[in-house]
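Below you'll find the structure, written out as structure tokens, and then a few comments.
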Amino acid sequence: MKLIDHIIGFHSEIQQIRRDLHAHPELRYEEHRTADTIAAKLTEWGIPVLRGLGGTGVVGILKNGEGKRSVGLRADMDALPMQELNTFPHASRHAGKMHACGHDGHTAMLLGAARHLSQHRDFDGTIYLIFQPAEEGGQGADKMIKDGLFEQCPMDAVFGMHNWPGMPVGSFGVRPGAIMASSNAFQVKVKGKGSHAAQPHKSIDPVIVAAQIALSWQTIVARNTNPNDSTVLSVTQIHTGSAINVIPDDATLSGTVRTFSMEVLDLIERRMHDIATHTAAAFGAEVEFKLLRSYPPLVNHARETAFAVGVMQSIVGVEQVNTNVEPSMAGEDFSYMMLHKPGCYVFIGNGEGDHRDSGHAIGPCNLHNPSYDFNDDLLPIGATYWVRLAEAFLAAA
């Protein structure tokens, strides 16, 4: 790998920052200590700082020369509301909060790039270092945009990166087009009529209606969507009842829908509503249907993806860059930024988990798992990618 020697030289410092962030996780829109740490480091390195976008967001602004081109590099910084099971020294010190998705590592990689860029400035133009809050279900990217990110920081393109367990360290994965799915939540309340469980003929049983709806919804994926369009419709909760001898008045179904296009999402929402409404009517019940559209699909732009591939290949070699990586049904709110600016989002290999220090829990090193930990070997790789990407983008005609 062609890593930047200067970045390798301060690897231990960036690792210390990463582990400090891991030990002090903060949930969405609560990233005050994290933001203070980032702002302090950027200021120490002579990088002007813009704060307050998206509440706790931080943007470092690096300008050099007379170049008119500009580029945004984005890292997320919030943790998850879950209990860490690891016991190594940098494990979470806050019960019920954990950096289980590697946002601590994403932040550290971008800080590593920031330090090198500030001290070498082998670029002509403007680099915006975007540290975004509330990726985990908080739509922090959308909030930063609405607070004026792209007006105050006009950029020609924006790029993002996420660690990916299971991919070897030293490898990247990317693809043009949809790489991560839209994330959407639904809740449907079935309103029936309760009765004694021994007198079901006096009821309109919402439990039966809910079960019928849940089963019928599966025909949407099987019979309404194109088999070439990957979709997920998962009923994950059915809440109803209070006693074994009572048929309740109502039942609630909740779950998620994932698609790679808004057109497919429109179709699924329409069919879910129709099936729920008419199934309930057939039993004499009623429904209240709600589908909350959280994150749109993350769609990589072809030109910027090809550009990013060239940069990755120059660092780790052609064989270590998978340009047709399997898309993920997970959601990612960097998608909001891609609705406004061209760009590319890539996966960087996090390995299989054997990097974890003594004291890690026995579970797998998967994202959103209580045994997860970011692989610090990625820090110089990711930081080098950010530097070379920014330098090349600003140098391009």
Side-chain angles (χ1 to χ4, degrees), residues 54 57 71-78 101-103 105-107 109-110 113 127-142 144-145 149-150 155-167 171-183 230 258-262 294-313 315-316 320-350 367-368 374 378 381-390 392-393:
V71 64
L73 312 178
R74 175 270 201 175
D76 39 19
M77 56 184 189
D78 58 323
C101 203
H103 296 185
H106 302 165
T107 294
M109 289 189 292
L110 189 54
I127 301 170
Y128 295 105
L129 308 161
I130 306 167
F131 296 89
Q132 179 214 303
E135 190 281 326
E136 296 290 356
Q139 301 178 324
D142 190 44
M144 290 190 80
I145 294 167
L149 173 64
F150 294 134
M155 58 195 75
D156 298 312
V158 63
F159 295 85
M161 176 166 54
H162 203 295
N163 78 95
W164 213 245
M167 282 177 49
S171 68
F172 288 89
V174 69
R175 64 184 294 123
I179 189 170
M180 298 188 78
S182 66
S183 174
S230 297
R258 308 293 174 106
T259 73
F260 287 117
S261 77
M262 298 309 291
S294 299
Y295 296 169
L298 198 165
V299 181
N300 279 337
H301 297 251
R303 180 178 178 181
E304 286 68 28
T305 300
F307 183 85
V309 166
V311 174
M312 290 183 284
Q313 291 177 341
I315 298 169
V316 300
Q320 297 303 310
V321 181
N322 181 356
T323 58
N324 191 32
V325 72
E326 180 179 319
S328 171
M329 278 294 176
E332 165 59 65
D333 80 344
F334 185 69
S335 55
Y336 285 108
M337 295 191 181
M338 301 277 273
L339 293 177
H340 295 265
K341 298 289 179 179
C344 177
Y345 191 81
V346 307
F347 300 147
I348 182 171
N350 196 61
L367 300 178
H368 294 218
F374 182 87
L378 272 62
I381 305 172
T384 294
Y385 169 69
W386 281 139
V387 170
R388 296 306 187 214
L389 180 73
F393 186 87

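The chain is numbered in sequence order, starting from 1.
Of the possible polar contacts, one joining the H103 side chain to the D78 backbone as a donor-acceptor pair under 3.5 Å is found. No donor-acceptor pair under 3.5 Å is formed between the side chain of T259 and the backbone N or O of A181. No donor-acceptor pair under 3.5 Å is formed between the side chain of Y128 and the backbone N or O of R74. Between the side chain of H301 and the backbone N or O of M338 there is at least one donor-acceptor pair closer than 3.5 Å. With R175 contributing its side chain and V325 its backbone, the two residues share a donor-acceptor pair below 3.5 Å. Between the side chain of Y345 and the main chain of N300, no donor-acceptor pair closer than 3.5 Å is present. Side-chain N or O atoms of S335 include none that pairs as donor or acceptor with a backbone N or O of Y295 at under 3.5 Å.
Nearest heavy-atom pair, I127 versus A390, reported as atom, atom and distance to 0.1 Å: CD1-CB, 3.7 Å. Taking each heavy atom of G140 and D333 in turn, the nearest pair found is N-OD2, 3.0 Å. When all heavy atoms of A308 and Y385 are compared, the closest pair comes out as CB-OH, 3.5 Å. The two residues P176 and A302 come nearest to each other via the heavy atoms CB-CA, 4.4 Å. M262 approaches P297 most closely through the heavy-atom pair SD-CD, 3.4 Å.
The CD1 atom of I315 sits 6.0 Å away from atom OG1 of T384, with the distance rounded to the nearest 0.5 Å. Note that the CE atom of M161 and the CG atom of L110 stand 8.0 Å from one another [nearest 0.5 Å]. Interatomic distance, L149 CG to I130 CD1, rounded to the nearest 0.5 Å: 5.0 Å. Between atom CD1 of residue I348 and atom NE2 of residue H162 there is a gap of 12.0 Å, rounded to the nearest 0.5 Å. For the atom pair K341 NZ and E304 CD, the distance stands at 11.5 Å (nearest 0.5 Å). A distance of 9.0 Å separates CE of M155 from CG of L73, quoted to the nearest 0.5 Å.
Side-chain atoms of F260 and M329, non-hydrogen and from C-beta on, do get closer than 4.5 Å to each other. Between F334 and E135 there is no side-chain heavy-atom pair separated by less than 4.5 Å. The closest side-chain heavy-atom distance from L367 to N163 is below 4.5 Å. The closest side-chain heavy-atom distance from E136 to C101 is below 4.5 Å. The closest side-chain heavy-atom distance from Q132 to Y336 is not below 4.5 Å. In this structure, F172 and I381 have side chains that are in contact, with non-hydrogen atoms separated by less than 4.5 Å. Side-chain atoms of R258 and S183, non-hydrogen and from C-beta on, do get closer than 4.5 Å to each other. Considering only heavy atoms from C-beta on, D156 comes within 4.5 Å of F393 through its side chain.
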* Passes side-chain contact (heavy atoms from CB on, under 4.5 Å), T305 versus V174? Steps please. -> CA-CA 8 Å; T305 300; V174 69; 3.9 Å; yes
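Classification of the F347-W164 ring pair by plane angle, with boundaries at 30° and 60°, yields parallel. Below 30°, between 30° and 60°, or above 60°: for F307 and F159 the angle between ring planes is between 30° and 60°, a tilted geometry.
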